[in-house]
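The structure appears right after this line, and notes come after that.
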Amino acid sequence: MARILTTLLAGIFPLLVYSQALSDLTCEYKVNPLGIGTENPRFSWKFVSGGENITQKAFEIRIARSESDLSRGRNLFWNSGKIASDQSVNIAYSGTGSLSSATRYFWQVRAWTNETKPGPWSSTAWFETGLTPSDWSAEWIEPGLEEDIHNSPPSPMLRSEFELKGKILSARLYITAHGLYEAHINGQRVGEDLFTPGWTSYNKRLQYQIYDITPMLKQGNNAIGITLGDGWYRGFLVWQNHRNTYGEKLGALAQIEVRYTNGKTVRFSTDNGWKTSTGAILASDIYNGETYDAREEKTGWSLPGYNDTNWKPVSVAIHPKNHLIAQVGPPVRRMEEIAPVSIFKTPKGETVVDFGQNMVGWVKLTAAGQAGTRITLYHAEVLDKEGNFYTDNLRAATQKNEYILKGNGTETFEPHFTFQGFRYVKVEGFPGTITKDNLTGVVIHSAMAPTGNFSCSDSLLNQLQHNIQWGQKGNFVDVPTDCPQRDERLGWTGDAQVFARTAAFNMDVAAFYTKWLGDVAADQTPEGAVPYVIPQVLRAKDVGSAGWADAAVIIPWTVYLTYGDIRILENQYPSMKAWVDFMARGAGEDNLWDTVFTFGDWLFYSVQDDRDGTSAITDKVLIKQAFFAYSTELLIKTAAVIGKKEDVEKYSRLLTSVKEAFRREFVTPSGRLVSNSQTAYVLALNFDLLPESQRAAAAKRLVDNIRSYKNHLTTGFLGTPYLCHVLSRFGYEDVAYDLLMQETYPSWLYPVKMGATTIWERWDGIRPDGTFQNVGMNSFNHYAYGAIGDWMYQHIAGIQIDPNTPGYKKSVIRPRPGSGLTQATGKLQTMYGELSSSWKLEGGKFTLSVTIPPNTTATVFLPKTGEEEKREVGSGTYTFSYDWQYSRILLLCTKISFSWQLFFFWQTVVPLPKRKILITATGVITWAIRGVPIILRSIRLLLTMSASFR
Ligand code: BGC
């Protein structure tokens with residue numbers, strides 16, 4: 001008996017504790033963030049256990065100023081007490097005391113998964129607050145060197161020394177710049193972040209970074225050096241050789257706070273005692289690359305005791321400090337390295353290195369040679385038809401890095417304030433024979449954790465997913481950009497909007513978009529119009545394009561759905577509302593909005609327009625009205641979530657009128673749209689603009705249109721993201737698959753077949769005959785059409801959000817096998833842990849395995865013929881397996897035999913004379929209603945099934 005009890009307890013007790021153990025503590029989406037700008041930061045945690053049906057019943061958070069106080073539970077800054085709640089994501093600090101600036105707080109949490117016993121306290125996490133504007137005593141300093149600001153001048157260097165007279169307990173560097181900066185202390189680079197302080201609407205919001213520099217300092221003399229780069233601030237930006245967008249002078253603002261072990265603190269700041277000079281970086285520009293003359297290096301310049309007598313004094317400048325904000329998004333970092341695949345000579349005789357992947361970053365170069373030897377690296381995405389190096393599509397961006405050797409053995413070079421978009425590198429001037437060991441591709445992007453994975457039994461689709469992910473890496477460099485290589489690389493709102501849902505599957509984009517949306521709001525015009533690009537660097541009038549400006553509404557909503565983040569809706573609400581109000585004012589009394597320019601269904605397929613009544617052209621006013629309705633609808637949903645009841649009513653009335661205006665203007669009484677294009681039907685259906693009674697026919701028209709193009713899409717930026725979703729929603733999963741699996745132009749797989757390793761800007765960036773599309777606009781790394789990724793996760797793998805319980809607190813698993821696929825897997829790291837759905841069709845059996853993270857639930861739809869089977873599950877791992885053909889065939893047989901029975905019933909019970917008439921009539925009717933569709937469906941099924949087992 002005793003043995004049985006012990007065994008039982010040993011089995012149960014760890015389970016109880018284990019099921020409640022917590023991990024992965026984050027604050028504002030970050031692990032131990034150094035520099036929190038918000039007054040009431042939010043905390044999230046995960047349950048360690050993968051056990052079944054784990055639900056949090058309550059939690060308790062405690063915060064202290066020291067780790068030891070926290071672990072002993074004394075001198076607590078805040079103790080939430082036991083709070084009955086199933087929320088484990090984004091719980092806001094709600095204590096009465098205000099958080100002090102520049103202070104580290106330690107926190108932990110425990111949870112109850114049953115009513116009585118709490119789980120163990122989690123391990124300790126921390127967050128550190130940033131500075132308030134009044135904490136800044138540092139002065140802006142500017143190099144004041146003579147510079148040619150119409151070209152890229154040498155990068156200024158700034159230096160100073162300071163003495164520490166006590167034992168150091170801790171030290172922080174608070175730093176930002178006009179332009180980009182790299183800081184060094186005592187000869188060492190500070191931190192690993194690149195392109196700091198990042199790109200924001202500089203005049204309204206300028207980020208600063210915080211670094212823990214304790215281990216870099218020593219008692220006695222210390223030195224700090226800062227190198228500045230032109231960057232987005234004053235480098236070449238936007239086309240037509242435009243530069244000095246935000247100002248003509250670079251500058252730095254830095255403050256070092258040191259705390260001695262005796263409790264005293266000292267501060268060293270940028271001031272007029274600093275000195276300046278230039279060094280090895282002769283020019284460095286985001287578009288054009290860097291020229292680095294190693295002979296000009298100022299060895300030891302950031303070490304104490306360096307002789308800077310020839311350096312010039314800096315000048316102190318007056319700039320506001322109240323727009324300084326602690327870093328919001330993830331920093332840009334070096335994320336991976338790629339080795340060259342081959343080195344070859346082109347027909348023209350150029351030496352070219354192939355990295356096998358269109359990537360964004362730069363090449364790390366290693367070489368040895370005589371002093372003064374100049375090595376030039378040119379970067380290109382593609383080779384031309386003949387196999388020669390091709391850079392015409394880069395337009396004015398030269399993407400050229402030059403390194404001049406100092407000649408003392410093996411030298412290594414990496415550029416500082418520039419990045420390139422490339423797969424191929426042309427090398428000139430290399431001393432000796434170049435080998436693969438001389439070059440390494442360094443991939444950079446915003447350091448977002450990878451969250452999603454999609455794979456399936458089709459290698460082309462897997463390559464498409466690969467291309468989508470690389471498109472995301474290359475275009476998430478501090479702001480979401482259109483492309484990373486030509487003289488553009490801007491935060492195009494339309495591109496960002498169409499890709500946001502896919503992006504949120506592949507990577508953790510919460511903090512990244514939070515930062516960018518702050519700039520969206522900051523750069524919106526007083527009238528509420530949203531600029532084409534954010535940060536706004538185009539002309540003041542370049543605002544308000546439908547489908548672009550709607551990013552202000554669509555992206556906050558996407559972040560809310562993905563992460564359950566209500567605060568982003570609260571913060572962005574004025575911006576979202578201002579945009580909808582802008583459209584409403586423009587629409588006036590008839591509620592038909594047609595006041596500003598729109599890019600329309602950008603880059604749609606336009607070769608064979610208006611053929612047999614089928615067209616790819618979509619009326620731009622129709623597009624405007626569709627997005628007007630959609631943004632209004634999302635605003636209503638937002639208002640409901642954040643409790644703005646009056647707005648819900650007000651905008652619901654507006655939405656009704658906007659939809660009425662849409663129907664009046666663009667829909668015939670029988671439900672035909674003025675534009676018979678795929679995009680027109682997709683938008684009308686996806687945004688619910690048609691009355692219920694007209695939707696099925698409209699979906700059929702969309703299908704007919706697709707079939708008339710022989711299963712090719714003709715959509716541009718605005719229609720593409722919703723195309724397959726609409727087909728799935730209206731029961732045309734097979735058509736969606738036909739489009740997705742299409743290998744000829746225009747289609748998603750055409751570029752894949754052409755060897756693409758990223759998503760192209762155009763459906764036919766390289767034509768079937770190997771020639772290029774319009775050189776003025778032909779990027780090979782443009783994520784917009786990668787928006788199909790969202791459908792692949794949602795419908796092939798079957799991972800969906802339940803919009804009523806967002807953030808995957810409740811998810812929907814609903815895979816839809818089709819088109820010969822025999823296996824698919826989707827995995828997603830949600831805020832609660834890993835959610836996965838994996839299915840396979842093998843030996844006539846369908847098997848679905850799902851993992852639902854702790855503290856969440858899911859509705860699982862098992863794909864079957866006819867009605868799907870629905871199961872409600874809690875957390876845990878489940879496998880469902882059943883006969884695939886049989887389930888379909890059995891259902892079919894039942895239906896067929898039912899029809900026959902009905903038919904014979906009429907024959908036997910009805911008297912003969914009437915029967916003759918009735919038999920004929922009912923027979924026809926029965927067959928029409930039951931039989932014909934069944935036969936048609938069975939033919940379709942058999943075809944699909946035979947395709948499934950090809
Ligand atoms: C960009 C696009 C952008 C568009 C506006 C282009 O130059 O590369 O992706 O959305 O302009 O139509």
Side-chain angles (χ1 to χ4, degrees), residues 199 232 236-242 286-287 358 360 381-382 392-397 399 421 467-468 470-472 474-477 479-503 516 519-520 523 529-539 541-552 554-555 596-606 616-618 620 623-624 627 679 715-721 746 751 756 758-765 772-788:
W199 189 11
W232 299 284
F236 288 95
L237 197 63
V238 189
W239 39 90
Q240 290 155 358
N241 281 340
H242 173 81
I286 289 183
Y287 292 165
N358 195 4
V360 174
E381 293 184 286
V382 287
D392 291 357
N393 67 324
L394 304 177
R395 305 195 307 214
Q399 290 214 121
N467 296 1
I468 294 170
W470 275 88
Q472 181 160 355
N475 285 295
F476 276 59
V477 180
V479 301
T481 57
D482 56 337
C483 58
Q485 71 302 75
R486 68 180 180 219
D487 54 344
E488 199 149 356
R489 315 184 190 189
L490 304 176
W492 280 97
T493 46
D495 309 43
Q497 173 276 108
V498 303
F499 189 66
R501 290 167 296 278
T502 301
W516 187 71
D519 295 303
V520 169
D523 276 344
V530 180
Y532 301 163
V533 300
I534 299 289
Q536 161 67 306
V537 287
L538 303 180
R539 297 162 305 181
K541 64 173 189 166
D542 292 334
V543 296
S545 168
W548 270 251
D550 300 280
I554 295 171
I555 299 183
V596 286
F597 166 82
T598 177
F599 295 102
D601 193 24
W602 191 245
L603 301 186
F604 65 94
Y605 169 77
S606 57
I617 300 175
T618 311
K620 285 191 177 179
I623 289 177
K624 284 187 201 180
F627 276 92
T679 290
T715 49
F717 274 29
L718 299 185
T720 302
T758 36
I759 299 293
W760 295 353
E761 178 174 24
R762 294 171 175 273
W763 294 121
D764 60 343
F772 291 114
Q773 250 282 7
N774 183 342
V775 69
M777 242 185 46
N778 200 16
S779 144
F780 293 97
N781 196 353
H782 234 74
Y783 55 45
Y785 288 145
I788 183 64

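When a ligand or atom number is given, it counts from 1 through the structure's own listing order.
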Side-chain donor-acceptor contact under 3.5 Å, N781 with E381: no
Test item: side-chain donor near acceptor, N778 and Q773, under 3.5 Å: no
Closest non-hydrogen atom pair between W548 and G494, with its separation: CD1-N, 3.0 Å
Selected option - heavy-atom contact closest to atom 3 (C) of ligand 1, from F717, F599, W492: W492
Q497 heavy atom under 4.0 Å from ligand 1: no
Contact check, Y532 vs ligand 1, heavy-atom distance below 4.0 Å: no
F599 ring center near F717 ring center (under 6.0 Å): no
Ring centers of F499, Y783 separated by less than 6.0 Å: yes
Can you list the atoms of ligand 1 that are under 4.0 Å from a heavy atom of [X]?
X    : result
E761 : 8 (O)
R486 : 1 (C), 6 (C), 7 (O), 8 (O)
D482 : 1 (C), 8 (O), 9 (O)

Return the closest protein heavy atom for [atom] as residue, atom name and distance.
atom                   : value
atom 7 (O) of ligand 1 : E488 OE2, 2.6 Å
atom 4 (C) of ligand 1 : W602 NE1, 3.6 Å
atom 2 (C) of ligand 1 : D495 OD2, 3.6 Å

Proximity to ligand 1 by part of R395, non-hydrogen separation under 4.0 Å: neither
Point-to-point distance, once rounded to the nearest 0.5 Å, from CG of N774 to CG of D392: 11.5 Å
Whether F780 and W760 hold their rings parallel, tilted or perpendicular, with breakpoints at 30° and 60°: perpendicular
